[in-house]
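Values in this document were obtained by computation on a predicted structure and should not be read as measured data.
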Amino acid sequence: MAPVTLHLRSETKPLEHRSALTPTVTRKLLDNGFNVNIERSPERIFDDKEFASVGATLVEEGSWPNAPEDHIIIGLKELEDKDPFPLKHTHVAFSHCYKNQGDWEKVLGRFPRGGGTLYDLEFLADEKGRRVAAFGFHAGYAGAALALLDWAWQLEHGNKEALPGKGHYQCKSDLDTEVKEQVSKGVQRNKGKSPRVLVIGALGRCGRGALECCRQAGIPEQQLVKWDMDETAQPGPYNAIKEADAFINCIYLSEPLPPFISTDFLKQGTRNLSVVCDVSCDTTNPHNPIPFANQPTYFSKPTITLPDFLNPPLSYISIDHLPSLLPREASEAFSEALLSSLLQLPERDTAPVWVGAEKMFKEKVALLPQALRQRETPVANGAAKA
């Protein structure tokens, strides 16, 4: 059997510094008979020379479309659609097109048009249905960090200025130092009171990361409100969110839910809430449980302030690649968790992880004709769009 060749593409999403493969994992793949081509990248947290030093082959940035068809293209974020040409390769990446996100049919349709296949990283699962690798912990950690920085910023600046943009941190300790320092200043301005932080999805990877960041920032345990499925069994909206200073949403949205909170509800009675961080970032999902968090935010402009809320101000964070705030640690944890599945690629026709991923791909592709017909059908006169 010919060795599997993996081609790591350079990420094109602005400020995306993570990598699906790290030099350490690349070395392990090479030791197991894989060929690994690494596109040169000016943004990746790992220098090109780090990959070269472990024996990988460096290739030109953006060269993956011309790679041999049997090469497997691996990356993280979805491909740019400026030139939505058909895709002929097998791709391993996050595609964000399996949950009826905006323009999902355009994203997914590129694969059958070119004869390619998608193994979506979000849906790689073992025989028990558990994800084999996820960025959840570092997503929660980074989201909580930005929420706490925004809480402290508002105490100093009110709604006059938005939280400034953030770049990535070379290491987690740099972020921890900054957040702890700013939270300490915020506590002083808040008459010695630490922020009350409500995390929904507290038992998952993402929620655990958010809580750990809060602890590292010095927030007392009694100020951390941990909610999960039991606490949200009754439909929202929830007064506990209004009573918190910061709300961090860490759920995995897999089915329709009533809103956790809404602007109308927040206008009723008193409110402490000043920061919402939607780590789940389902801005285009029709069942988004935070309806007002319907636009993405970015590291260059991390918050959107809601205009009708002044005392205190109210802003939200909805960045869809939060772990890139900590690209080295996030990449190392993710890539190491993914390794055992990558090693099964030579037997992907029988390995449960890859068989399941291809089955889901085919099921989603089968929905394309109906979705495209609905998209092309004009709305009848007088009919309201959903």
Straight-line distance of D282 CG to D320 CG, nearest 0.5 Å: 10.5 Å
Test salt bridge (charged side-chain N to carboxylate O under 4.0 Å, His left out) on E43 and K13 and set out the steps. CA-CA 10 Å; E43 296 295 330; K13 188 179 183 71; over 6 Å; no
Contact check, side chains of R348 and I72, non-hydrogen atoms, under 4.5 Å: yes
Indicate the atoms forming the closest heavy-atom contact of L148 with P195, along with that distance. CD2-CG, 4.2 Å
Can you name the closest pair of heavy atoms from F361 and Y98 and give their distance? CA-OH, 3.2 Å
Under the side-chain contact (heavy atoms from CB on, under 4.5 Å) rule, what do F309 and T263 come out as? Steps first, then yes or no, please. CA-CA 9 Å; F309 297 87; T263 51; 4.1 Å; yes
Can you check whether T5's main-chain N or O pairs, donor with acceptor, with N37's side chain at less than 3.5 Å? no
Applying side-chain contact (heavy atoms from CB on, under 4.5 Å), run through E255 and H287 and close with a yes or a no. CA-CA 8 Å; E255 58 185 26; H287 305 298; over 6 Å; no
So, the side chain of E39 versus the backbone of G62: is there a donor-acceptor pair under 3.5 Å, distance only? yes
Just wondering, more than 12 heavy atoms not from Q234 lying within 6.0 Å of its CD? no
Taking S194's backbone N and O only, do any of them form a donor-acceptor pair with Q223's side chain (distance below 3.5 Å, no angle check)? yes
For Y238 and E243, does a side-chain donor sit closer than 3.5 Å to a side-chain acceptor? no
Mind checking whether T57 and V36 have side chains closer than 4.5 Å, heavy atoms only? no
Say whether S315 and Q154, considering side chains only, have a donor N or O and an acceptor N or O under 3.5 Å apart. yes
With a 4.0 Å cut-off, would you call R40 and E60 a salt bridge? yes
Residue pair F123 / D120, side-chain heavy-atom distance below 4.5 Å: yes
Check ion pair E105-R110 (N to O, under 4.0 angstrom): no
Is it true that the side chains of H89 and E69 contain a donor and an acceptor less than 3.5 Å apart? no
Measure from the side-chain N and O atoms of W153 to the backbone N and O of E161, and report whether any donor-acceptor pair falls under 3.5 Å. yes
To the nearest 0.5 Å, what is the distance between CD (E231) and CG (L198)? 9.5 Å
Answer with yes or no whether the side chains of N249 and D278 bring together a donor and an acceptor at under 3.5 Å. yes
Out of curiosity, D48 CG to I38 CD1, how far, rounded to the nearest 0.5 Å? 9.0 Å
Separation between NZ (K172) and NE2 (H138), nearest 0.5 Å, reads 8.0 Å
Any side-chain donor paired with an acceptor under 3.5 Å for H71 and H7? no
Mark yes when over 12 heavy atoms from residues, nucleotides or ligands other than E363 sit less than 6.0 Å from its CD; otherwise mark no. yes
For the student: nearest non-hydrogen atoms of P302 and S300, plus distance: CD-C, 3.8 Å
So if you build clusters from Ile, Leu, Val, Met, Phe, Trp, Tyr with side-chain heavy-atom gaps below 4.5 Å, do F265 and F292 land together? yes
Test: R9 and E61 ion pair at under 4.0 Å: no
Is the backbone N or O of K193 less than 3.5 Å from a side-chain atom of N190, with the two atoms forming a donor-acceptor pair by type? yes
Calculate, to the nearest 0.5 Å, the distance between atoms CG and CG belonging to L6 and L345 respectively. 6.0 Å
Would you say that more than 12 heavy atoms from the other residues, nucleotides or ligands in this model lie under 6.0 Å from the NZ of K180, or not? no
For R271 and L310, which heavy atoms make the closest approach, and how far apart are they? NH2-N, 4.2 Å
Look at the side chain of T350 and the backbone N and O of E347, then say whether any donor-acceptor pair between them is shorter than 3.5 Å. yes
Checking E178 against Y169: is there a side-chain donor and acceptor pair closer than 3.5 Å? yes
Donor-acceptor under 3.5 Å (S331 side chain, R328 main chain): no
Taking A293's backbone N and O only, do any of them form a donor-acceptor pair with N288's side chain (distance below 3.5 Å, no angle check)? yes
For A145 versus C213, what's the shortest heavy-atom pair and its separation? N-SG, 3.5 Å
Any non-hydrogen side-chain atom of L87 less than 4.5 Å from a side-chain atom of L79? yes
Q182 side-chain N/O to L149 backbone N/O, donor-acceptor pair under 3.5 Å: no
Are F247 and M229 joined in one hydrophobic group, where the rule is that I, L, V, M, F, W and Y side chains link up if heavy atoms are under 4.5 Å apart? no
With a 4.0 Å cut-off on N to O distance, would you call R131 and D126 a salt bridge? no
Going by heavy atoms in the side chains, are H91 and T117 under 4.5 Å from each other? no
Is it true that M360 and L124 fall in one hydrophobic cluster, defined by side-chain heavy atoms closer than 4.5 Å? no
Say whether K77 and H96, considering side chains only, have a donor N or O and an acceptor N or O under 3.5 Å apart. yes
Can you name the nearest heavy-atom pair linking L325 to G167, along with the distance? CD1-O, 3.5 Å
The test is side-chain contact (heavy atoms from CB on, under 4.5 Å); show your working for I261 and K242 and say whether it passes. CA-CA 8 Å; I261 202 74; K242 281 200 296 188; 4.2 Å; yes
To the nearest 0.5 angstrom, please state how far the SG atom of C206 sits from the CD1 atom of I248. 8.5 Å
Answer with yes or no whether the hydrophobic clustering places V199 together with I319; edges join I, L, V, M, F, W, Y residues whose side-chain heavy atoms lie under 4.5 Å apart. yes
Quick check on the 6.0 Å ring-centre criterion: do H168 and F299 meet it? no
Would you call L21 and I74 a side-chain contact if the rule is heavy atoms closer than 4.5 Å? yes
Run the side-chain contact (heavy atoms from CB on, under 4.5 Å) test on D308 and K267 for me, step by step, so that the C-alpha distance in whole Å, both residues' side-chain angles and the decisive distance to 0.1 Å come before the verdict. CA-CA 9 Å; D308 296 336; K267 290 176 181 177; 3.6 Å; yes
Over 60° means perpendicular and under 30° means parallel, so classify the ring planes of F46 and F51, tilted if in between. perpendicular
Among residues two or more places apart or on two chains, list those pairs meeting side chain to side chain donor-acceptor pair (under 3.5 Å) that have a residue in residues 333-342. K28-E336
Lys NZ or Arg CZ of R18 over F334 ring: under 6.0 Å, within 45°: no
Joint cluster assignment, V279 & I200, ILVMFWY side-chain distance < 4.5 Å: no
Under 3.5 Å, is there a donor-acceptor pair linking the side chains of Y316 and D150? no
Side-chain touch Q344/W354, heavy atoms, less than 4.5 angstrom: yes
Do T177 side-chain atoms and S173 backbone N/O form a donor-acceptor pair below 3.5 Å? yes
Residues E16 and S324: side-chain donor-acceptor under 3.5 angstrom: yes
Could you check if a side-chain atom of S19 sits within less than 4.5 angstrom of a side-chain atom of L76, using non-hydrogen atoms only? no
Whether R208 engages the ring of F137 as a cation-pi pair (distance to the six-membered ring centre under 6.0 angstrom, angle to the ring normal within 45°) should be assessed. no
